[in-house]
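Since the structure comes first, as structure tokens, the remarks are kept for the end.
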Amino acid sequence: MPAGTEHAHTYDVPAPRGIAVPADPVKAAALIRRRILFDFRLATMKAQSNTGPGISVTITLDPDGRPDVLIANARGLFELLGGQGFLLDPATGRCRLPESIRDPSEVGWRTNRAVRKLERLGFIVTTQLADGRTFRYSAQGHAAAAEKPAAGTPHTPRRSR
């Protein structure tokens, strides 16, 4: 199942077809990539679109305030990569700003703009600061009360309405 989805979201999504592959791993990988991967990506997008609004997006800020975004939705990825100038790390599946953007004010501006856009699209955006505080953004675009969690206790404020 695609990340961020449940069994009910895949109910009407046709599964990619199966194929027989040769024993050679290189040839098998090439055959899978050529004949199945595209169908799997389409099925993944359909299942993710069935999830509707309220998909979680987690943004972790490092001590320098640079965002590291985890999102498992094609629409959200499209917005971050195409609309906000983020780059996708293929090894981790996380979105980050290019290293060429070093000015802290520009990093903050781009991060805030991405949060506002994702929130307007119906995503539930949770931002975790390097010091452990978390913020969850509501549909109205403001952060819920931010609190530092007690030692060893994860804390995310409830979403306000």
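We number each residue from 1, following the sequence as shown. Nothing here was measured: the structure is a model prediction, and the numbers come from that model.
With contacts defined as side-chain heavy-atom distances shorter than 4.5 Å, the pair L97/L87 does not qualify. Side-chain contact between Q128 and T58: absent, with no pair of heavy atoms (C-beta onward) separated by less than 4.5 Å. A 4.5 Å side-chain heavy-atom check between V69 and V57 finds at least one atom pair inside the cut-off. You'll find the side chain of F86 reaches within 4.5 Å of the side chain of P67, heavy atoms only. By the 4.5 Å heavy-atom criterion applied to side chains, T127 and L61 are counted as neighbours.
To the nearest 0.5 Å, the span separating CD1 on I59 from CG on L70 amounts to 10.5 Å. The CG atom of L80 sits 12.5 Å away from the CZ atom of R94 when rounded to the nearest 0.5 Å.
Taking the salt bridge (charged side-chain N to carboxylate O under 4.0 Å, His left out) definition, one finds that D89 meets it with R96, sequence neighbours left out. With sequence neighbours left out, the side chain to side chain donor-acceptor pair (under 3.5 Å) criterion links Q84 to E79, R113. Remark: L88 engages L77, L81, C95 in a side chain to side chain contact (heavy atoms under 4.5 Å, CB included) (not counting sequence neighbours). For R66, the salt bridge (charged side-chain N to carboxylate O under 4.0 Å, His left out) test picks out no residue, with sequence neighbours left out. Here L31 pairs with I19, V21, P22, R34, R35 under the side chain to side chain contact (heavy atoms under 4.5 Å, CB included) rule; sequence neighbours left out. In this view, P63 and A130 satisfy the side chain to side chain contact (heavy atoms under 4.5 Å, CB included) rule, not counting sequence neighbours.
Applying the salt bridge (Lys or Arg N to Asp or Glu O under 4.0 Å) test to every pair with at least one member in residues 102-112, sequence neighbours left out, gives these pairs: E106-R110.
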